Amino acid sequence: MNTDTDTDPYAESVDPRVHCDRCEAVCCRLTVVLMPDDHVPAWLIHRDASGLETLAKGEEGWCAALDLVHMRCSIYEERPGICRKYAMGGPSCRHERGKWRDAHPFPTPVVLR
Ligand code: SF4
């Protein structure tokens, strides 16, 4: 039998009760380093003085590709590899959600423009 734990050594560390629907996209506030295989629109690329390319962020601190009205990725089909590998409910996800909850006990109001 081929189970998730056969192919993914970290599958058993994912908490299935955790879901993006009940999150303020806190993972989309992390720095995403772009890899050569990533193909995101040029306006989303931030290049620092050393040449390192990361996803640009908006004033509010979220990734510039995040649709702040719906809190959804606007380039989901072409999102970078790091975003694809980030496991919903995994240890890093739960850690970031915990940090955000501790710092923001009330939901963040979304600014409509
Ligand atoms: S590209 Fe999409 S999934 Fe990745 S950080 Fe930005 S909004 Fe989030």
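We're numbering straight along the sequence, starting at 1. Atoms within each ligand, like the ligands themselves, are counted from 1 in listed order. As the structure is a computational prediction, the values presented were derived from the model and not from experiment.
Atom 4 (Fe) of ligand 1 has its closest protein heavy atom at Cys83 SG, 2.3 Å. Atom 8 (Fe) of ligand 1 has its closest protein heavy atom at Cys28 SG, 2.3 Å.
Among the backbone and side-chain atoms of Cys27, none of the N, O or S atoms lies under 2.8 Å from atom 8 (Fe) of ligand 1. In summary, Cys73 places an N/O/S atom under 2.8 Å from atom 2 (Fe) of ligand 1, meeting the contact criterion.
Rounding to the nearest 0.5 angstrom, the gap separating the NE2 atom in His39 from the CG atom in Leu34 is 11.0 Å. We find the CG-NZ distance between Leu30 and Lys57 to be 6.5 Å, quoted to the nearest 0.5 Å. Taking CG from Leu66 and OG from Ser74, the interatomic distance works out to 7.5 Å, rounded to the nearest 0.5 Å.
Between Pro80 and Leu55, some side-chain heavy-atom pair lies under the 4.5 Å cut-off.
Those atoms of ligand 1 with a heavy atom of Leu66 less than 4.0 angstrom away are 7 (S). Atom numbering of ligand 1 starts at 1 in the shown order; those under 4.0 Å from a heavy atom of Leu55 are 1 (S), 6 (Fe). Ligand 1 places these atoms under 4.0 Å from at least one heavy atom of Cys63: 5 (S), 6 (Fe), 7 (S).
The side chain of Pro80, and not its backbone, has at least one atom closer than 4.0 Å to an atom of ligand 1 (non-hydrogen atoms only; side chain from C-beta on). Contact annotation: for Leu44 versus ligand 1, there are no heavy atoms closer than 4.0 Å.
Judged by distance alone, the side chain of Arg47 and the main-chain N or O of Leu52 form no donor-acceptor pair under 3.5 Å. For the pair Arg79 (side chain) and Tyr76 (backbone), a donor-acceptor distance under 3.5 Å is present.
The 12-atom threshold is exceeded at CZ of Arg84, counting heavy atoms of other residues, nucleotides or ligands nearer than 6.0 Å.
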